[in-house]
Amino acid sequence: MALIQGLAAHAAGAELLPFRYDPGELGMQEVEIGITHCGICHSDLHLISNDWGISQYPFIPGHEIIGTITAVGSRVRSLKVGERVGLGWQSNSCGECEWCSRGLENLCASLEATCVHRNGGYANSVRANSRFVMSIPGALPSEQAAPLLCGGITVYSPMRDHGINPSSRVGVVGIGGLGHIAIQFARVFGAEVIAFSTSTGKEEEARALGAHHFVHSRESKSMKEVAGSLDFILNTANADQDWNVYIQALRPTGTLCFVGVPPSPVSVQAFPLIGGIRTVTGSPIGSPQKIREMLDVAARHGVKATTEAFSMAKANDAIEKVKKNKVRYRAVLSN
Ligand code: NAP
Ligand code: ZN
């Protein structure tokens, strides 16, 4: 087998340098993907700097992958060489536990993430178990589809699980890679959508993506005006905020759902939870079945990421721009 050529961080927070590795024999259930595009999810930045204490170096980031199948293992029947496919955060699961049997592989305790203790998609190729490799609908262009494989499913799945529908009022906190896709899916589900952002300059674009209202989340007066008005708030921001203000924005029985990962523990007052039976919860990516559904919905309803293209060789420049919250709205690397 040929060596795989990628870009790796060799220490926490280090810039990415060219790095080759030998992938070994292709597993019977595995496929190899020749990568054309890979989105830069903020989780890649968390992993590069070892924010979660799980990174191993050298570390090749990347888990929003689109490419073409270049090899299939002897037991793979569902995918063919030459097919255009996608791969997201999850590359494998045990396949046997209660959660895998229920089709909730994203809850498997043995979940293998594409770029945790494995080599990810800032590379020319990647391998994964074929169960986690999805065919991509023809209507979705590769660059705009890549971010759906992690960012898209991560916002789609909890909105489906929480039954978002035309009667729902949905808040999206943080209009970045995940948030700008969340606005679009919330609109597809028929909800009234409120974008919460620290960047006033994003108002026009948030409205164009489908938000009915835009709230500058650093203005306490604007935050007070939405008190008691929302059924579901999806936090996609990766920063600490006063979560009590968002709890106050919920109607009784409303839910604040975390997909973005703030650095500090989430602290909320108990009384608004008790008095209004409000819930604080979280959600991890989505199952392979949900990813397939999400791609189909995106293709039929025109949901796609707004992207900024970078060549793979410019990955470090792209990462710097993501760090500064300057990308509108997803940086995508291409080979
Ligand atoms: P991103 O593109 O960098 O967007 C994050 C957004 O958060 C920014 O655009 C910004 O929106 C907001 N933000 C940034 N700094 C802030 C601050 N100091 N205060 C308040 N808001 C701030 O990141 P992403 O790729 O969407 O990822 C977001 C988070 O989701 C990350 O923590 C990532 O690890 C996590 N994630 C989780 C899952 C999962 O399965 N749960 C999957 C993928 C990613 P505004 O400019 O609008 O304020
Ligand atoms: Zn991600």
Side-chain angles (χ1 to χ4, degrees), residues 38-52 54-55 61-65 86-91 106-107 111 113-116 120-122 146-159 161 171-183 194-207 209 211 214-219 222-223 234-243 245-246 257-264 266 281-287 290-291 294 305-308 318-332:
C38 187
I40 299 185
C41 175
H42 212 108
S43 299
D44 291 332
L45 275 62
H46 289 299
L47 289 168
I48 291 170
S49 47
N50 201 16
D51 291 348
W52 301 333
I54 56 171
S55 307
H63 58 272
E64 287 187 344
I65 297 165
L87 170 68
W89 174 260
Q90 188 169 7
S91 273
N106 56 319
L107 305 185
L111 178 153
T114 301
C115 63
V116 179
Y122 298 6
L148 298 177
L149 273 303
C150 176
I153 186 59
T154 298
V155 299
Y156 179 88
S157 185
M159 284 198 270
D161 290 348
V172 177
V173 181
I175 311 307
L178 269 60
H180 91 287
I181 303 174
I183 292 174
I194 294 91
F196 292 91
S197 176
T198 61
S199 310
T200 40
K202 291 181 180 174
E203 175 162 2
E204 204 174 307
E205 284 162 351
R207 287 183 188 276
L209 288 163
F214 183 93
V215 174
H216 183 22
S217 54
R218 287 197 174 127
E219 280 175 2
S222 314
M223 292 300 284
L234 189 66
N235 173 61
T236 76
N238 56 301
D240 293 331
Q241 298 186 63
D242 182 357
W243 303 114
V245 177
Y246 290 101
C257 178
F258 284 84
V259 290
V261 189
S264 306
V266 170
T281 188
S283 185
I285 48 165
S287 67
K290 273 271 180 50
I291 297 175
M294 178 273 306
T306 303
T307 55
E308 254 183 74
I319 287 168
E320 281 311 307
K321 206 166 173 187
V322 177
K323 263 187 206 161
K324 291 181 187 141
N325 193 19
K326 293 276 184 241
V327 171
R328 303 276 175 98
Y329 283 88
R330 190 55 121 201
V332 178

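Keep in mind that the numbers below use all heavy atoms, side chains included, and drop hydrogens, waters and symmetry copies. One-based numbering, in listed order, for ligands and for the atoms of each.
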Is any side-chain heavy atom of [Y] closer than 4.5 Å to one of [X]?
| X | Y | answer |
| --- | --- | --- |
| P263 | D51 | no |
| T307 | P147 | yes |
| L111 | W89 | yes |

Do you know which two heavy atoms are closest between [X] and [Y], and how far apart they sit?
| X | Y | value |
| --- | --- | --- |
| T198 | H216 | O-CE1, 3.3 Å |
| L149 | E64 | CB-CA, 4.3 Å |
| V155 | L178 | CG1-O, 3.6 Å |
| W243 | P262 | CZ2-CG, 3.7 Å |
| E308 | K326 | OE2-O, 3.9 Å |

Quiz item: When you look at K323 and E320, which way does the salt bridge (charged side-chain N to carboxylate O under 4.0 Å, His left out) test go after all the steps?
Solution: CA-CA 5 Å; K323 263 187 206 161; E320 281 311 307; 3.2 Å; yes
Check ligand 1 for N or O atoms under 3.5 Å from a protein N or O and list each pair with its distance.
from     : atom 1 : to   : atom 2 : distance (Å)
ligand 1 : 2 (O)  : G177 : N      : 2.8
ligand 1 : 3 (O)  : H42  : ND1    : 2.7
ligand 1 : 9 (O)  : K202 : NZ     : 3.2
ligand 1 : 9 (O)  : N325 : OD1    : 2.8
ligand 1 : 11 (O) : I175 : N      : 3.2
ligand 1 : 25 (O) : H42  : N      : 2.9
ligand 1 : 25 (O) : R330 : NH1    : 2.7
ligand 1 : 25 (O) : R330 : NH2    : 3.4
ligand 1 : 26 (O) : G177 : N      : 3.4
ligand 1 : 26 (O) : L178 : N      : 2.8
ligand 1 : 32 (O) : H46  : NE2    : 2.9
ligand 1 : 32 (O) : V261 : N      : 3.0
ligand 1 : 34 (O) : S43  : OG     : 2.8
ligand 1 : 34 (O) : H46  : NE2    : 3.4
ligand 1 : 40 (O) : I285 : N      : 2.8
ligand 1 : 41 (N) : V259 : O      : 3.1
ligand 1 : 41 (N) : S283 : O      : 3.0
ligand 1 : 46 (O) : S199 : OG     : 2.5
ligand 1 : 46 (O) : K202 : NZ     : 2.7
ligand 1 : 46 (O) : N325 : ND2    : 3.0
ligand 1 : 47 (O) : I175 : N      : 2.8
ligand 1 : 47 (O) : S197 : OG     : 2.6
ligand 1 : 48 (O) : T198 : N      : 2.8
ligand 1 : 48 (O) : T198 : OG1    : 2.6

Quiz item: So which protein N/O/S atoms does the Zn ion (ligand 2) have within less than 2.8 Å?
Solution: C41 SG, H63 NE2, C150 SG
